[in-house]
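Okay, structure first, notes after.
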Amino acid sequence: MAKAVLLLLVLVAPLMISLLPFSSLALNQDFCIADLARGDTPAGYPCKPQTGVTADDFCYRGLNTTGPTINPFNIGLSSAFVTRFPGVNGLGISAARVDFAPGGVVPLHSHPGGTELLFVIEGAISAGFISSLTNQVYVKTLYKGDLMVFPQGLLHFQHNLGNDTAVALSSYSSANPGLMILDFALFANNLPSDVVSKVTVLDELEVRKLKALFGGSG
């Protein structure tokens with residue numbers, strides 16, 4: 001009987017390992033560098049062969065400068081999500097940097113896959129989020145060295161309060177927290193303008209203007 005159980009374990013173990021999410025594999029082994037070429041899956045990216053892993057896989061310099069400008073919001077955004085920093089695959093962590101020009105705004109958006117922790121490096125920022133249960137808005141003015149947390153999936157925003165550039169660093173509880181910006185979701189789509197007008201109670205002419213601004217159609 002003992003031999004039969006041992007044989008069963010030997011046969012089943014490889015199958016069980018193959019069925020584990022790649023995020024679980026990262027917790028059951030030292031790491032799981034994302035093999036981006038093999039594509040994402042619901043369980044995360046497959047692991048890069050360990051023989052091909054180098055120290056460079058654990059280092060990312062993409063946050064050391066201002067990222068590309070996002071118009072019309074007047075901010076620069078650079079991210080260290082798994083698609084840019086494969087070393088965070090399966091580890092439940094990632095990061096981003098936002099540079100706010102004077103008047104710069106991070107519009108209402110959400111991260112479906114992770115909670116965000118914002119740390120202000122320079123400047124003064126107004127930041128807040130909206131409760132999905134009560135629509136209560138929680139807003140704080142943040143200064144250099146302050147932290148604020150934005151719970152997973154909730155709409156939140158930030159904007160620069162000063163006349164100089166403000167800089168903030170965000171960390172996330174997921175290697176790929178996702179990003180949905182409300183303005184782009186509403187006005188960069190191909191939903192007919194009259195339908196958008198009906199579901200948002202906005203004037204159709206205003207919807208058409210916003211679609212032109214954000215690159216939508218319909």
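Qualifying side chain to side chain contact (heavy atoms under 4.5 Å, CB included) partners for Ser132, counting only residues two or more places apart in sequence or in other chains: Leu154. Contacts of Lys140 classified as salt bridge (Lys or Arg N to Asp or Glu O under 4.0 Å), with partners at least two apart in sequence or in another chain: none. The side chain to side chain contact (heavy atoms under 4.5 Å, CB included) search around Pro102 returns Thr165, not counting sequence neighbours. Here Asp57 pairs with Lys48 under the salt bridge (Lys or Arg N to Asp or Glu O under 4.0 Å) rule; sequence neighbours left out.
A 6.0 Å sphere centred on CZ of Phe58 holds more than 12 heavy atoms belonging to other residues, nucleotides or ligands. Shown here is Asn71, whose CG atom has more than 12 heavy atoms of other residues, nucleotides or ligands within 6.0 Å.
A salt bridge links Asp99 with Arg97: the distance from a Lys NZ or Arg NE/NH1/NH2 to an Asp or Glu carboxylate oxygen falls below 4.0 Å.
Ring pair His111/His109 is perpendicular by interplanar angle, where above 60° counts as perpendicular and below 30° as parallel.
Hydrophobic clustering places Val106 together with Leu213 (ILVMFWY residues linked when any side-chain heavy atoms are closer than 4.5 Å, directly or through intermediates).
Each side chain to side chain donor-acceptor pair (under 3.5 Å) pair with one or both residues in residues 203-218, not counting sequence neighbours, appears once here: Asn189-Lys211, Glu204-Arg208. Within the structure, side chain to side chain donor-acceptor pair (under 3.5 Å) contacts touching residues 169-178 (residues at least two apart or in different chains) are Glu116-Ser170.
Of all heavy-atom pairs spanning Tyr138 and Met148, the tightest one is O-CE, 3.7 Å.
A side chain to side chain contact (heavy atoms under 4.5 Å, CB included) with Pro177 holds for exactly one of Ser110, Ser94, Pro112, Ser79; it is Ser94.
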